[in-house]
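For reference, the structure discussed in these notes is given below.
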Number of protein chains: 2
Amino acid sequence: MVTNALALVEKEGPQALTMRRLATELDVTTTTIYWHVGGRDELVTEIVRRQADRLAARPVQGDSPRQRVMDAARHVWESALENRAVTSLAYQNGAIAVLEHPLHRALVIELEAAGLRGQSGADAMRAILTTVAGFLLAALRDESATPVERTSAGLWAADPGEVDPTTVTALIGAADLPVLFESAVQAVVDHYVRDAA
Amino acid sequence: MVTNALALVEKEGPQALTMRRLATELDVTTTTIYWHVGGRDELVTEIVRRQADRLAARPVQGDSPRQRVMDAARHVWESALENRAVTSLAYQNGAIAVLEHPLHRALVIELEAAGLRGQSGADAMRAILTTVAGFLLAALRDESATPVERTSAGLWAADPGEVDPTTVTALIGAADLPVLFESAVQAVVDHYVRDAA
DNA sequence: ACCTGAACACCGTTCAAGT
DNA sequence: ACCTGAACACCGTTCAAGT
């Protein structure tokens, strides 16, 4: 049941997961699903939990603390990109913490190895993960779903103001999120984690 | 009509904005709304556009480029916090660019004043705004809507793993987002904007 | 214990019809 | 030009009833 739901989400996206759709897929009535898992929220939580178990906690790489912390942050990012559908589902239903908790813990452990524990560790972890979340929001957003005049590119084209034309051209073009991720997240990591000289 | 919709969103939140609800508020049928603005997406865009016009572009403060860029970024953050309901509505409907475009332009202008134009300007702008977006996502999320066992705090309490108890305690407590915003966003700003020595 | 049928209270949207 | 009534195609959820 949860297996079928997970497969449905991965094949047709988060918006395909409705009680009626899943019921049809399982050849039962919607009420049967309610009897088994009890409501859409619980179903989503179960799907996300299942996916979290599937996520192999790949080993953190790097020779220095700052490299290892950065790599742990990168795991959150890459894992989300590799599982767009379930990640989006988790985001939309407030279950992202369930999905990423093991990866978050790996990050905290690296921060502790870097000497950051207690409030300092929590602060560093939250600052880094919030930054990562911003990039995930940008990367998982379905651009094709919004009409041009509502996109950033469309607005720059229509309403550049006093901005340099070369900058406007760059703003109308596509962003290279993976590159921006590296520099922005690294900047935040470096602010909290200083390698011993 | 758009005025009433905006008032409804501000008073009762984004989820209160349904065609039927707004129709009742206006003492008309839903079809009347369709005749006037043409669909929910267009309605939301109009609401957000109206709100964007209302947002006074307060002057950017600071003596150095990095201070002024930081202040422009802070305006995006503060403006969103002061208008939670409309900002959430814009986020959920892919119209956030419409709402924030004037503030984004102010940021780009400060970046140009700092010597960043063309691709460098666009990169810096995107990295900074994506980081800000992460904090907005965290700040606008309705914590009370998700049950504890799905929150980060609940997961740390239930499943701390090999993490230091003092760190776990800090992770269960509330985050001070405004403080974290300052340090994380400043770190990203500093990475792109270097003051002349 | 497990599943169904019928219903409730919602959504956004369309379209022919009225004035 | 402006508005209505009725309908379509969806949602999540509940509850009495069946086996």
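- Using modelled atom types, one finds a donor on one side chain and an acceptor on the other under 3.5 Å when comparing B:N93 with B:R40.
- Judged as a side-chain hydrogen bond (donor to acceptor under 3.5 Å, both in side chains), and not counting sequence neighbours, the contacts of B:E182 are B:R74.
- Qualifying side-chain hydrogen bond (donor to acceptor under 3.5 Å, both in side chains) partners for B:N4, counting only residues two or more places apart in sequence or in other chains: none.
- Remark: B:T32 is not in phosphate contact with D:dC3, judged by side-chain N or O atoms under 4.0 Å from OP1 or OP2.
- Protein atom CG of B:D27 is 19 Å distant from nucleotide atom P of D:dC2, rounded to whole Å.
- The side chain of A:W35 sits closest to C:dA1 out of C:dA1, D:dC2, C:dG5.
- The pair B:R54-B:E10 counts as a salt bridge, with a side-chain nitrogen and a carboxylate oxygen less than 4.0 angstrom apart.
- Applying the 4.0 Å criterion to OP1 and OP2 of D:dC3, one finds that B:H36 has a side-chain N or O inside that range.
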List the atom pairs, donor and acceptor, that lie under 3.5 Å between side-chain atoms in residues 114-123 of chain A and the rest of the protein, sequence neighbours left out.
{"unit_1": "A:R117", "atom_1": "NE", "unit_2": "B:D164", "atom_2": "OD2", "d": "3.0"}
{"unit_1": "A:Q119", "atom_1": "NE2", "unit_2": "A:D123", "atom_2": "OD1", "d": "3.0"}

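- Stem list for DNA chain C (at least 3 consecutive Watson-Crick or G-U pairs, distances under 3.5 Å): C:4-8 with D:12-16, C:12-16 with D:4-8.
- Comparing the P positions of D:dA9 and C:dC10 gives a spacing of 22 Å, expressed to the nearest Å.
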Checklist entry - When every nucleotide of nucleotides 13-19 of chain C is labelled 5' to 3' by its protein contacts under 4.0 Å (heavy atoms), B for base, S for sugar-phosphate only, - for none, what sequence of letters results? => result BBB----
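- The side chain of A:T18 places an N or O atom within less than 4.0 Å of a non-bridging phosphate oxygen (OP1 or OP2) of D:dC11.
- For D:dA17 and C:dC2, the C1' atoms lie 13 Å apart once the distance is rounded to whole Å.
- Between atom CG of residue A:L136 and atom CD of residue A:E100 there is a gap of 6.5 Å, rounded to the nearest 0.5 Å.
- The residues B:R58 and B:E82 are annotated as salt-bridged, a charged nitrogen and a carboxylate oxygen being separated by less than 4.0 angstrom.
- If you measure from atom CG of A:L22 to atom P of D:dG12, you get 10 Å, rounded to the nearest angstrom.
- Put simply, the side chain of A:I128 reaches to within 4.5 Å of the side chain of A:L111, judged on heavy atoms.
- Nucleotide D:dC3 holds its C1' atom 13 Å from the CG atom of B:L26, rounded to whole Å.
- In this structure, the side-chain hydrogen bond (donor to acceptor under 3.5 Å, both in side chains) partners of A:E25, at least two apart in sequence or on a different chain, are A:R21.
- Between the CD1 atom of B:I33 and the C1' atom of D:dC2 there is a distance of 14 Å, given to the nearest Å.
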